[in-house]
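Structure first, then comments.
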Amino acid sequence: VQLVESGGGLVQAGGSLRLSCTASGFAFDGDYNIGWFRQAPGKERKGVSCINSSVGRTYYVDSVKGRFTISSDNARNTVYLQMDSLKPEDTAVYYCAVLNCYPNPAGSFFYTGPDYWGQGTQVTVSS
């Protein structure tokens, strides 16, 4: 399995970016969970969003709800993360990963894994 992220870059606060995660060696057959994580300098990697295609659900951490949208295109073997209203605190390296994700009644989501990671793409938001 190989995951390749793209779409990162430098953007001003309030701007938008769309990240892509293209998978190979992985069955994009409508039964998969893929998540986006981010890691800021000196901080641990944390989950941002996840799509559970088998139940048609998407999950987000509270800090990005209403600003980020995760989606998928099975024909292109690609999961996207549309990021709007970006803030300087969104600056990080963003990674996609194959995992299992579940709803958290308290908000955000639980996950197990990840089993595979991409190489990451840098997102920098200037103030």
Side-chain angles (χ1 to χ4, degrees):
V1 175
Q2 185 177 19
L3 304 174
V4 178
E5 301 97 335
S6 62
L10 173 64
V11 64
Q12 289 187 329
S16 298
L17 285 173
R18 188 178 76 159
L19 306 183
S20 300
C21 172
T22 301
S24 59
F26 178 75
F28 249 77
D29 58 359
D31 185 15
Y32 56 83
N33 290 197
I34 290 183
W36 284 97
F37 291 72
R38 65 186 179 186
Q39 187 168 20
K43 297 188 176 181
E44 64 180 13
R45 192 174 300 186
K46 294 185 177 181
V48 174
S49 179
C50 185
I51 184 166
N52 183 328
S53 72
S54 59
V55 296
R57 295 289 301 273
T58 58
Y59 310 107
Y60 303 91
V61 293
D62 288 344
S63 59
V64 307
K65 283 181 180 177
R67 300 189 299 122
F68 290 11
T69 304
I70 191 170
S71 63
S72 63
D73 184 339
N74 291 350
R76 297 179 183 273
N77 284 17
T78 300
V79 170
Y80 302 99
L81 186 68
Q82 177 67 40
M83 306 187 296
D84 299 318
S85 302
L86 282 161
K87 304 175 181 181
E89 51 264 44
D90 295 318
T91 294
V93 179
Y94 283 71
Y95 302 87
C96 63
V98 176
L99 72 175
N100 292 295
C101 54
Y102 313 91
N104 179 351
S108 186
F109 57 95
F110 297 117
Y111 63 88
T112 58
D115 301 313
Y116 303 98
W117 291 97
Q119 84 289 347
T121 185
Q122 176 71 47
V123 171
T124 303
V125 184
S126 63
S127 58

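Every value quoted in this text rests on a predicted model; they were computed, and no experiment measured them. When a residue number appears, it is its place in the shown sequence, counting from 1.
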Which of these passes side-chain hydrogen bond (donor to acceptor under 3.5 Å, both in side chains) with Q39: K46, R45, E44? R45

Check whether any side-chain N or O of S53 sits under 3.5 Å from a backbone N or O of D31 as a donor-acceptor pair, and report yes or no. yes

Check the pair D115, V1 against side chain to side chain contact (heavy atoms under 4.5 Å, CB included), reporting the backbone distance first and the verdict last. CA-CA 9 Å; D115 301 313; V1 175; over 6 Å; no

Please identify each residue that fulfils ring-ring contact (aromatic ring centres under 6.0 Å, His included) with F68, with sequence neighbours left out. none

Name all residues meeting the ring-ring contact (aromatic ring centres under 6.0 Å, His included) criterion together with Y111; count only those two or more places apart in sequence or in a different chain, and write none if there are none. F37

Validation row: R38, D90 side chains within 4.5 angstrom (heavy atoms): yes

Do Y59 and N33 have a side chain donor and acceptor closer than 3.5 Å? no

Y80 and W117: same hydrophobic cluster, using ILVMFWY side-chain contacts below 4.5 Å? no

Ignoring hydrogens and geometry beyond distance, is a side-chain donor-acceptor pair present between D84 and S16 at under 3.5 Å? yes

Side-chain ion pair, D62 and K65, N-O less than 4.0 Å: yes

Is E5 reaching over with its side chain to a backbone N or O of G120, donor-acceptor style, under 3.5 angstrom? yes

Quick one: closest heavy-atom pair of I51 and S72, and the distance? CD1-OG, 3.7 Å

Any side-chain donor-acceptor pair under 3.5 Å between T91 and T124? no

On a heavy-atom basis, which atom in Q119 and which in L3 lie closest, and how many Å separate them? OE1-O, 3.6 Å

